[in-house]
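Note sheet for the following structure.
Counting begins at 1 with the first residue of the sequence. It should be emphasised that the depicted structure is a prediction, and the values quoted were computed from it without experimental measurement.
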Amino acid sequence: MATFLYRLGRFSFRRRRLVLMLWIAVLAAVGIGAAGVSSSTSDTFAIPGTQSQKALDLLEKEFPQASADGATARVVFEAPAGQKLTSAAHKAEVESLVGDLKSASQVANVVDPYTGGTVSKDGSVAYAQVTYEVAQADVTDAARADLEHVAEQGERAGLAVSMGGTAVNEESHQSAAELIGIVIAALVMVITFGSLVAAGLPLLTALFGVLAAICGITVATSFIDLSSSTSTLALMLGLAVAIDYALFIVSRYRGELKEGHDPEEAAGRALGTAGSAVVFAGLTVVIALAGLSVIGIKILSDIGLGAAFAVVVAVVIALTLLPAMLGFAGGRISAGKLKTRRMRAIEQGEREPMGVRWARFVLRNPVKVLGVSVAGLLLLAIPALSLQLGMPGDSTATPGSTQRIAYDTVTDGFGAGYNGPLTVVVDARGSDDPKAAAQDAVTLLDDLPDVASVSPVSFNETGDVALIRAVPGSSPTSEDTVGLVSDIRDRGAALHDDTGAELMVTGTTALNIDISGKLNDALIPYLCVVVGLALILLMLVFRSILVPLKAAAGFLLSVLATLGVVVAVFQWGWLADVFGVDQTGPIVSVLPIFMVGVVFGLAMDYQVFLVTRMREEYVHGAEPKEAVIAGFRHGARVVTAAAVIMISVFAGFLFSDTALIKSIGLGLAAAVFFDAFVVRMTIVPAVMALLGRRAWALPGRLDRILPNVDVEGEKLRHLLEEDTERTEGDGIPEPVHTGKG
């Protein structure tokens, strides 16, 4: 692989104009395609094999008029202060608006608040429940415009009108404050390289790649329904890894130039060494992200595949467009007028880098450093023991949005449970007396203490499947409601034994509970798969058993500490004001599994770029501790810069107005901090010092079985040395390339 990348680097450098034009053509094509498509995104959560999904499928068959899997909207009316909606004037206005809702586009059914019993006791609040003929993803702009028109009419009549439900999507808007991450990344690279040219190339190519990836995802939305968070998370991860990958290659390129190689040769060698590590690091991220699709939950598949696509684009950009841009930059990339006196002293060997001094400190005190680091991460992980998972809904919508206003108004007027009624289905096709079985189900629900109300029974045409609405006494995301759903299902088993009828609970609240439970159950198996993959891949790279085990253990510590931080902020409310968290609650269910996949990939990035240089030095005869110091001398500065850049990019998403994006931003920023600075820069050298030569031990039989992937480009180095000796022996001078465009 290293030899191929070496040739690719030289080709891209030499044919830079062709490579640049090809990439411009690709960007123009996907840009035009993205501008001309009508995208479709949604946040629908569904999971096959659960009781709630089984009940929905039955309702769709037996109650087609109910449009069980259709989008829903709740239009909430509130009378002016001191007035009631039961007065003749307000009642006539509300009924007129309900009539408009019934004739609105794609509407299947509307429950009138006066006939459906959805007027509050004091008469100040009422709501109409709207069901659509189509799923959330298929609700048209015209249908949403009809909803907004009804709200505007109600406002003109003096009523306060708000809307919630799946048909009223809250769009995720990216704040301009997220650009802070890019600005910080640029400053970090200027400080790292002391050159505007060297700092600008990684940022330029990263923005180019992210733009191409986002346009590609936008084009894909015209063919398939994707989650509305797909593009945002692809932007977040794609930008971070693209800058990092370019940073590593540019740093190696400058090092090759410093060793006296001409620019084209330096580009080839940089790609053959650092480029090989980029391919491996990118592969680990892609595998971990794409693996999310096997869990069987659509939003995870969308997020994982979208982010994986962005990472693939970032890797390809780093291996093709970046060396082409190095060709245009030529020798200017090493001319740093912004270097400080300290940087010049380090380059001239007059002063040791900070990374080397830190490595020497850790190597002198390995036990103490290891103990403090592990204890600190475990302490931060304690809040993760109380992790609660939930799904986003109107309760987590942005304060002041129509969804949040509707949720709060219903809570004040009726109770929190009315925001998430349970749909109870009684499948009595195997019962001798379906009506008696349905009535027994109503009695069962009435006897439960956390049920606020139970609706009359509705039967299908054949009279053997019943539909009952039960309103919990607690909010849809509360632990009490989770317990209620579990209690109903447990008692349903006794109902089945007595009557032969099967009782099932579904609806948005039950679906969310089932999804959260499924994700919670899948977390440990997925974590085991990812860790197992890490062990195999790292054994291939480092040809060692203990180094992969150490890397996997450090990864687990990073994940646990990060989950602890997320729980402390978003669930417990610690430092909520600092991070802009408006409301605490359960952690978004997709976050832990998604974060495990992403953090695994990012952890392998730092592991590869830092430890491969240690192995290279050890193979060349350095003592274990000296190999660690050499690894820090060549890699610590770049790894530190890469980590600061990633943290800045991820932290920028804390300014998002969407709870999912905000929590992922904090989680990934914390994970990168822990993994880069605590695990890779502190725990790794401490453990390497304690292990000594045993760290690089590999049983002979396993050594023969495992293929040598040559991530550090050792085979390429020997090949180039042989070519140089052969060329010099023939008396043929090597061509010198200026690198000028």
Determine all donor-acceptor pairs shorter than 3.5 Å in which one atom belongs to a side chain in residues 361-373; sequence neighbours excluded.
{"unit_1": "N365", "atom_1": "ND2", "unit_2": "F361", "atom_2": "O", "d": "3.1"}
{"unit_1": "S373", "atom_1": "OG", "unit_2": "V369", "atom_2": "O", "d": "2.8"}

In short, salt bridge (charged side-chain N to carboxylate O under 4.0 Å, His left out) pairs touching residues 667-679 with sequence neighbours left out are D675-R680
- Message: In terms of relative ring orientation, are Y618 and W696 parallel, tilted or perpendicular, with 30° and 60° separating the classes?
- Response: parallel
### Query
Do S251 side-chain atoms and L247 backbone N/O form a donor-acceptor pair below 3.5 Å?
no
Less than 4.5 Å apart, side chain to side chain, heavy atoms only: is that true for Q571 and S386?
yes
**Item:** Side-chain touch I515/T50, heavy atoms, less than 4.5 angstrom
**Value:** no
Value for CG (L322) from OH (Y245), rounded to nearest 0.5 Å, stands at 13.5 Å
- Task: Count the heavy atoms of every other residue, nucleotide or ligand shown that sit under 6.0 Å from CZ of F673, and state whether that count exceeds 12.
- Result: no
Taken to the nearest 0.5 Å, the spacing of L389 CG from S589 OG works out to 4.5 Å
- Task: May I have the step-by-step check of salt bridge (Lys or Arg N to Asp or Glu O under 4.0 Å) for R269 and E259, ending in yes or no?
- Result: CA-CA 11 Å; R269 288 175 179 257; E259 291 182 8; 5.9 Å; no
Original post:
Side chains of V599 and T562: does their closest heavy-atom pair fall under 4.5 Å?
Top reply: no
CG of L546 to CE of M688, rounded to nearest 0.5 Å, is 9.5 Å
Heavy-atom check, side chain of M595 versus side chain of I664, under 4.5 Å: no
